[in-house]
Amino acid sequence: MIERVLITDAAAAMVEKLKGQHGALMFHQSGGCCDGSAPMCYPAGEFRVGGQDVRLGEIAGCEFYIGAAQFEYWRHTQLIIDVVPGRGAGFSVEAPEGVRFLTRSRVFTDEEATDLAAAGEPPRGG
């Protein structure tokens, strides 16, 4: 099964460092607030996931959610979470480290899209 969300090795290493500081973490793909459309990383339980949040999968042992409206725009793409130098403007826990998480993407192939459609919709939070 094709994964809807992946993480680069560099971003996974940052997540492990952050887990050492904050404990369990989770991600939510922002839909335009704060730092544009950046993936936001929070200590688990500090961001309330609701019925309009779609669970895309898990990266580096962290659940990854996206708002339903944002998912509709990006459902045809695989999200790839990376980390880059620079400080974002949001509330994500990596900000004090002088880096920010960034979403890269690629369009699913026709075959991958067919497989995903056959698998059904991803689960909702809440």
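Values below: every heavy atom of this structure, side chains too, minus hydrogens, waters and symmetry copies.
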Give me the other members of the hydrophobic cluster that Leu102 sits in, counting Ile, Leu, Val, Met, Phe, Trp and Tyr linked by side-chain heavy atoms under 4.5 Å, directly or via other members.
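Members other than Leu102 - counting any ILVMFWY side chain reachable under 4.5 Å - are Val84.
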May I have all residue pairs that pass side chain to side chain donor-acceptor pair (under 3.5 Å) and include part of residues 3-12, sequence neighbours excluded?
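As it turns out, the side chain to side chain donor-acceptor pair (under 3.5 Å) pairs with a partner in residues 3-12, which skip direct neighbours, are Thr8-Asp82.
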Applying ring-ring contact (aromatic ring centres under 6.0 Å, His included), can you list everything that pairs with [X], at least two apart in sequence or on another chain?
| X | value |
| --- | --- |
| Phe27 | Phe64, Phe101 |
| Tyr73 | none |
| Phe71 | none |

Measuring from atom [atom1] of [X] to atom [atom2] of [Y], what distance do you get when rounded to the nearest 0.5 angstrom?
| X | Y | atom1 | atom2 | answer |
| --- | --- | --- | --- | --- |
| Glu97 | Met14 | CD | CE | 5.5 Å |
| Leu116 | Phe108 | CG | CZ | 5.0 Å |
| Ile81 | Leu56 | CD1 | CG | 9.0 Å |
| Gln52 | Ile66 | CD | CD1 | 13.0 Å |
| Leu79 | Gln29 | CG | CD | 6.0 Å |

Could you tell me which residues satisfy salt bridge (Lys or Arg N to Asp or Glu O under 4.0 Å) with Glu58, sequence neighbours excluded, listed by chain and number?
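With sequence neighbours excluded, Glu58 shows a salt bridge (Lys or Arg N to Asp or Glu O under 4.0 Å) to Arg55, given in chain and number order.
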Taking only residues two or more places apart in sequence, or in another chain, which ones meet [X] in a side chain to side chain donor-acceptor pair (under 3.5 Å)?
| X | answer |
| --- | --- |
| Gln78 | Arg106 |
| Glu94 | Ser92 |
| Glu16 | Lys19 |
| Thr109 | Glu112 |

Is there a side chain to side chain contact (heavy atoms under 4.5 Å, CB included) between Val49 and Met26? Walk through the geometry before answering.
CA-CA 10 Å; Val49 176; Met26 62 85 64; 3.7 Å; yes
Contact list for residues 68-77, test salt bridge (Lys or Arg N to Asp or Glu O under 4.0 Å), sequence neighbours left out:
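Of all non-adjacent pairs touching residues 68-77, those that pass salt bridge (Lys or Arg N to Asp or Glu O under 4.0 Å) are Glu72-Arg75, Arg75-Glu121.
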Could you pull out every donor-acceptor pair under 3.5 Å between side chains of residues 39-47 and any protein atom, sequence neighbours left out?
none

Does the side chain to side chain contact (heavy atoms under 4.5 Å, CB included) test come out yes or no for Val93 and Leu25, once each step is laid out?
CA-CA 9 Å; Val93 296; Leu25 301 170; 4.3 Å; yes
Closest heavy-atom contact between Val54 and Pro122?
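Shortest heavy-atom contact: CG1-CG, 3.4 Å.
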